[in-house]
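Within every chain, numbering begins at 1; the chains are lettered A, B, ... in the order of the sequence lines, protein sequences first and strands thereafter. Computed from a prediction, not measured in an experiment: that's the story for all the values here.
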Protein chains: 2
Amino acid sequence: MKLIQDKLESKGLRSSQQRMKILQYLDQHRTHPTVEEIYNGLVKEMPTLSRTTIYNTLQLFLEHALISGLTISGSESRFDFETTPHSHFFCKECGVVMDVEKVDCPCENRGVISGNRIDEVHLYLKGVCKNCLTKSKGGKK
Amino acid sequence: MKLIQDKLESKGLRSSQQRMKILQYLDQHRTHPTVEEIYNGLVKEMPTLSRTTIYNTLQLFLEHALISGLTISGSESRFDFETTPHSHFFCKECGVVMDVEKVDCPCENRGVISGNRIDEVHLYLKGVCKNCLTKSKGGKK
DNA sequence: TTTCATGCTTGTAATTATTACATCTTCGTG
DNA sequence: CACGAAGATGTAATAATTACAAGCATGAAA
Ligand SMILES: [Mn+2]
Ligand SMILES: [Mn+2]
Ligand SMILES: [Zn+2]
Ligand SMILES: [Zn+2]
């Protein structure tokens with residue numbers, strides 16, 4: 001928890017109870033949670049926590065590059081404690097979002113493509129995860 | 001228009017007026033339009049067109065792999081007449097979504113990663129486009 | 001050609017994710 | 001302790017999408 005606090009203060013941000021808890025939640029849940037999942041995970045121990053605080057805080061964290069954001073599942077934003085570039089896999093059966101072994105794309109080393117400045121690279125793989133493939137063996141195709 | 005009709009019928013789909021217009025719109029607007037953009041583009045000549053029809057139709061097209069879908073801009077889905085694998089760039093200044101020269105990632109040739117079956121590969125690059133970079137020369141960084 | 005069934009389209013209502021905003025709280029400083 | 005700014009909260013508004021019931025079109029069967 002001290003480390004979390006340091007991380008916040010190293011960016012010049014005040015380490016409020018809410019900010020620390022939200023950042024800690026992301027650190028301890030590397031599942032790329034949504035706002036709703038973070039809310040449900042924290043509201044038990046912080047009954048007055050507001051979803052708006054979570055939105056604001058995540059936005060702030062993104063601006064300070066404390067976390068990273070994903071839009072792999074389409075309808076909702078997901079968040080990641082990890083900020084170093086890596087790739088993601090989304091299972092269309094069970095909805096899990098997981099990190100995959102770094103696929104190194106030539107573009108990541110290139111700052112510009114056709115004159116456009118690249119700030120972020122997102123590689124999203126979608127399909128059916130190992131787990132769901134196993135379960136559906138013999139079941140429905 | 002005949003080609004559009006053939007394309008629909010080749011997938012065993014009925015070629016209704018709405019379906020043809022929607023598919024034609026995507027063919028003629030390679031800007032990765034949103035549902036709203038498609039609606040605004042077509043409602044003039046089809047005043048009774050419903051957004052629901054657009055949602056349903058795009059869903060159907062996706063299921064039959066007539067088109068492809070993107071979630072690069074976060075809040076809304078975008079659609080692409082092009083179905084062969086290619087990469088996209090999103091400008092955080094002006095919101096344009098454009099195709100970029102094919103970046104060939106090793107994963108595209110691989111059907112499985114860590115036991116997960118890959119059906120789709122999306123490479124999204126985000127940053128500031130050539131145009132916006134030019135405009136802001138001398139202006140704000 | 002009428003009849004009928006089925007698939008397609010429409011409009012409205014409901015849901016979900018997100019943002020806007022006014023108010024209340026907290027916390028460091030003097 | 002008092003003040004002021006930053007932070008948190010709750011409610012209302014928006015935006016995108018889905019659910020659903022009802023109407024419409026089309027093509028095969030009679
Ligand atoms: Mn990750
Ligand atoms: Mn494209
Ligand atoms: Zn799965
Ligand atoms: Zn731009």
Side-chain angles (χ1 to χ4, degrees), chain A residues 4-5 7-9 11-25 32-64 66-67 69-79 90 92 95 97, chain B residues 4-5 7-9 11-25 32-64 66-67 69-79 90 92 95 97:
Chain A
I4 291 291
Q5 185 169 353
K7 194 156 183 173
L8 280 167
E9 290 171 358
K11 296 282 182 174
L13 299 176
R14 241 194 251 176
S15 55
S16 71
Q17 207 51 221
Q18 289 84 344
R19 291 178 181 179
M20 285 195 289
K21 287 292 186 184
I22 292 170
L23 192 52
Q24 179 181 243
Y25 184 91
H32 313 93
T34 62
V35 166
E36 200 59 25
E37 286 164 351
I38 297 169
Y39 178 79
N40 290 325
L42 292 177
V43 74
K44 301 153 204 164
E45 53 172 324
M46 305 181 76
T48 74
L49 181 64
S50 163
R51 267 171 260 257
T52 300
T53 298
I54 299 179
Y55 279 105
N56 291 340
T57 302
L58 292 170
Q59 184 56 44
L60 184 83
F61 288 176
L62 284 175
E63 282 161 6
H64 289 79
L66 271 172
I67 63 173
L70 287 76
T71 56
I72 195 172
S73 50
S75 57
E76 58 209 346
S77 290
R78 293 176 174 276
F79 300 87
F90 172 71
K92 289 187 277 187
V97 175
Chain B
I4 291 292
Q5 185 169 354
K7 194 157 180 173
L8 280 167
E9 290 171 359
K11 295 283 183 176
L13 299 176
R14 238 192 255 177
S15 55
S16 72
Q17 207 52 222
Q18 289 83 344
R19 288 178 184 181
M20 285 194 291
K21 288 292 187 183
I22 293 169
L23 192 50
Q24 180 182 242
Y25 184 91
H32 313 94
T34 62
V35 166
E36 200 59 24
E37 287 165 350
I38 297 170
Y39 178 79
N40 290 324
L42 292 177
V43 75
K44 301 154 204 162
E45 52 172 325
M46 305 181 75
T48 73
L49 180 64
S50 162
R51 267 171 259 257
T52 301
T53 298
I54 300 179
Y55 279 106
N56 290 340
T57 302
L58 292 170
Q59 183 57 44
L60 185 82
F61 289 175
L62 284 176
E63 282 162 4
H64 289 78
L66 272 172
I67 62 172
L70 288 77
T71 57
I72 195 173
S73 51
S75 57
E76 58 210 345
S77 290
R78 292 176 175 274
F79 300 88
F90 172 71
K92 288 187 275 186
V97 176

(message) By the salt bridge (Lys or Arg N to Asp or Glu O under 4.0 Å) test, which pairs, at least two apart or in different chains, include something from residues 48-59 of chain A?
(response) A/Glu36-A/Arg51
(request) Look at the side chain of A/Ser16 against the base of D/dG7 and say whether a donor-acceptor pair falls under 3.5 Å; ignore hydrogens and angles. (result) no
(message) Can a side-chain donor-acceptor contact be found between B/Glu9 and B/Ser15 if the only test is distance below 3.5 angstrom?
(response) yes
(request) Would you indicate, yes or no, if C/dT18 has its OP1 or OP2 atom less than 4.0 angstrom from a side-chain nitrogen or oxygen of A/Ser77? (result) yes
(message) Using the rule side chain to side chain contact (heavy atoms under 4.5 Å, CB included), only one of B/Leu58, B/Thr52, B/Thr57 pairs with B/Ile54; which is it?
(response) B/Leu58
(request) Round to a whole Å and report the spacing from CG of B/Leu8 to C1' of C/dC8. (result) 13 Å
(request) Could you check how far CD of A/Glu76 sits from C1' of C/dT18, rounded to whole Å? (result) 12 Å
(request) Please list, chain by chain and in numerical order, all residues satisfying salt bridge (charged side-chain N to carboxylate O under 4.0 Å, His left out) with A/Lys21, sequence neighbours excluded. (result) A/Glu45
(message) How many whole angstroms separate atom CD of A/Gln17 from atom P of C/dT25?
(response) 18 Å
(request) Round to a whole Å and report the spacing from OH of B/Tyr55 to P of C/dT12. (result) 17 Å
(request) Please check the phosphate of C/dT9 (OP1 and OP2 only) for any side-chain N or O of B/Arg19 closer than 4.0 Å. (result) yes
(message) How many whole angstroms separate atom CG of B/Leu49 from atom C1' of D/dG23?
(response) 16 Å
(request) Please report, rounded to the nearest Å, how far the C1' atom of C/dT19 is from the CD1 atom of A/Ile54. (result) 15 Å
(message) Considering every strand and a 4.0 Å limit on heavy-atom distances, what is the contact class for A/Thr48: base, sugar-phosphate, or nothing?
(response) sugar-phosphate
(message) At 4.0 Å (heavy atoms only), tell me whether A/Ser75 reaches a base, stays on the sugar-phosphate, or touches nothing.
(response) sugar-phosphate
(request) Check whether any side-chain N or O of A/Gln18 sits under 4.0 Å from OP1 or OP2 of D/dT9, and answer yes or no. (result) yes
(request) Could you check how far CD of A/Gln59 sits from P of D/dA6, rounded to whole Å? (result) 18 Å
(request) Could you check how far CE of B/Met46 sits from P of D/dA25, rounded to whole Å? (result) 12 Å
